[in-house]
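Structure record follows, encoded as structure tokens.
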Amino acid sequence: MNILIINAGSSSLKYQLIDMSTETLLAKGLCERIGIEGSNITQKVGEKKYERTLPLPDHAAAFEAVVAALTDAENGVIADMSSIGAVGHRVLHGGADFTASALIDGPVLKAIEDNIPLGPLHNPANLTGILACRKIMPDVPMVAVFDTAFHQTMPRRAYLYGIPYRYYTEWKLRRYGFHGTSHRFVSAEAIRLLGNPAHSKVVICHLGNGSSMSAVVDGRCVDTSMGLTPLEGMLMGTRSGDLDPAVVGVIGEREGMAAQDVVTMLNKKSGFMGLSDGLSSDWRDIYAAYAQGDDRGVRTAEVFAYRIRKYIGSYAAAMNGLDAVVFTAGIGENSADARRLILEDTEFLGIRLDEEKNRRNELYIQAADSRVKVMVVPTNEELAIARDTLEIVSGQ
Ligand code: AMP
């Protein structure tokens, strides 16, 4: 079965078409600047590239452009849309309503809508993407795959904030966690490779432009670093990660900014970008500056690595043990320098890196005498979404 994966943002729509009989990627594309002047679509099929600049006033128009690209006589991959058996939609926030992926029907659409206050930027876009797709493919089954679902197994002690309880009961304010599809995919793969599915304590470090970590015991998430929103936790490309909430009040007062504007600054102008004084939000630039002794890179890389190291220690304590530390996503999979900096001085936890293996981005990069395994496992969120979609529509 061919499965179309849709990841709709507020002004973008990413998609992949996967042949699930062999789990082969058939096409991958992106609509950008939806609702803005200069909108375009690009699609890659192996070496073949399809590019068009065309007006995309809304997601429905974007979806029509996707259909045109996929079925293009010259650079397309399918004759018509009837060869698509199902669609999997990435949805940011499932709140506490979804512990797993779900077949999209009326109640599921309503629940995604009900969770808009928790994901005000993404859930409306995800919903618009689903509706636009349904208009063109009304009879094709669709599945919603939630970024939050994997973390729903967190115990209460890990997800409650220390604020008046009524904010939780009335407004559902708690920690949810994100990147769940990646954490689930990578932890399952690591546990399978370790050969100990029944008894395993692993820490997943998803380090990309957005970064998060999770503590996974026997395949179930017991803690994760992102919270109510993706702002909590690691130092990220443009997000501050953990900080004293009093900072919001102080900056608001000193700079005459509304609280929501300060939060926007913490999301969009902080992290690598902010701490490096505008040098870059990209790890490669930060590390290049670090390597040259430029303090903008040195301080940023140090804070980044130190915070992740502290989380590894705290998750080992939370799980009362540690079998493996697993690196994934853009930085985690590719940057031996980041992994080396993060795992400095962790012998106490039983972690020792083999720098040669680390340099070569091997699957196992721990030294022979390391008690804890250190792994590099590529993530593939789209494939995870496609697998869920196939499983759910096959079980109908
Ligand atoms: P992602 O959000 O998973 O695409 O990851 C983006 C981050 O990965 C950026 O900070 C990049 O600098 C970093 N990254 C991607 N490729 C490499 C690489 N080959 N070496 C080091 N960092 C990389």
Side-chain angles (χ1 to χ4, degrees), residues 5 7 9 12 14-16 25 28-30 32 42 44 90 92 121-122 147 150 177-187 189-190 204-214 224-226 229-241 267-292 294 296-308 326-343 353 355 357-363 365 374-385:
I5 308 304
N7 183 356
S12 70
K14 288 189 209 141
Y15 64 96
Q16 287 195 7
L25 178 67
K28 183 177 175 169
L30 167 67
E32 286 177 298
T42 47
K44 269 187 87 173
R90 182 180 184 176
L92 182 84
L121 298 178
H122 293 82
D147 253 29
F150 180 62
F178 299 86
H179 293 144
T181 312
S182 175
H183 285 281
R184 179 161 58 103
F185 181 86
V186 172
S187 60
E189 188 66 2
I204 308 297
C205 308
H206 175 114
L207 309 176
N209 187 39
S211 294
S212 63
M213 291 175 59
S214 63
T224 193
S225 61
M226 285 177 166
T229 77
L231 185 55
E232 195 176 334
M234 315 293 90
L235 189 77
M236 310 180 212
T238 62
R239 295 189 196 119
S240 65
N267 267 304
K268 304 227 156 129
K269 296 190 173 159
S270 301
F272 294 174
M273 183 61 103
L275 198 49
S276 70
D277 213 8
L279 177 67
S280 180
S281 63
D282 191 294
W283 168 253
R284 284 166 288 203
D285 300 329
I286 297 299
Y287 188 77
Y290 171 95
Q292 286 169 1
D294 178 336
R296 293 175 300 175
V298 174
R299 62 184 183 245
T300 306
E302 281 180 354
V303 172
F304 172 67
Y306 177 69
R307 194 174 291 181
I308 296 167
V326 187
F327 289 96
T328 194
I331 303 173
E333 289 168 32
N334 299 297
S335 178
D337 297 310
R339 296 189 298 254
R340 177 176 43 75
L341 289 179
I342 291 164
L343 296 180
L353 204 58
E355 193 43 30
K357 292 180 176 170
N358 184 35
R359 290 262 139 233
R360 291 196 296 264
N361 292 327
E362 287 187 12
L363 169 61
I365 58 172
V374 185
M375 305 171 77
V376 180
V377 175
T379 191
N380 191 337
E381 289 171 272
E382 288 77 15
L383 182 58
I385 294 173

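The basis for the numbers below is simple: all heavy atoms, side chains too, and nothing from hydrogens, waters or symmetry mates. Atoms within each ligand, like the ligands themselves, are counted from 1 in listed order.
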Inset, instruction - Check for a donor-acceptor pair, side chain of Ser211 on one end and backbone N or O of Gly208 on the other, with a separation under 3.5 Å. - result: yes
Inset, instruction - Without swapping roles, check the side chain of Ser225 against the backbone of Met213 for a donor-acceptor pair under 3.5 Å. - result: yes
Inset, instruction - Collect the protein residues that have a non-hydrogen atom under 4.0 Å from ligand 1 and hand them over in chain and number order. - result: Gly208, Asn209, Asp282, Trp283, Arg284, Ala329, Gly330, Ile331, Asn334, Ser335
Inset, instruction - Run through His179, Glu333, His183 and flag the one making a side chain to side chain donor-acceptor pair (under 3.5 Å) with Thr328. - result: Glu333
Inset, instruction - Please confirm whether the backbone N or O of Ile5 pairs with a side-chain atom of Glu382, one donor and one acceptor, at under 3.5 Å? - result: no
Inset, instruction - Answer yes or no: is there a donor N or O on one side and an acceptor on the other, between the side chain of Ser270 and the main chain of Asn267, under 3.5 Å? - result: no
Legend entry - Side-chain (Arg239) to main-chain (Glu232) donor-acceptor, under 3.5 angstrom: no
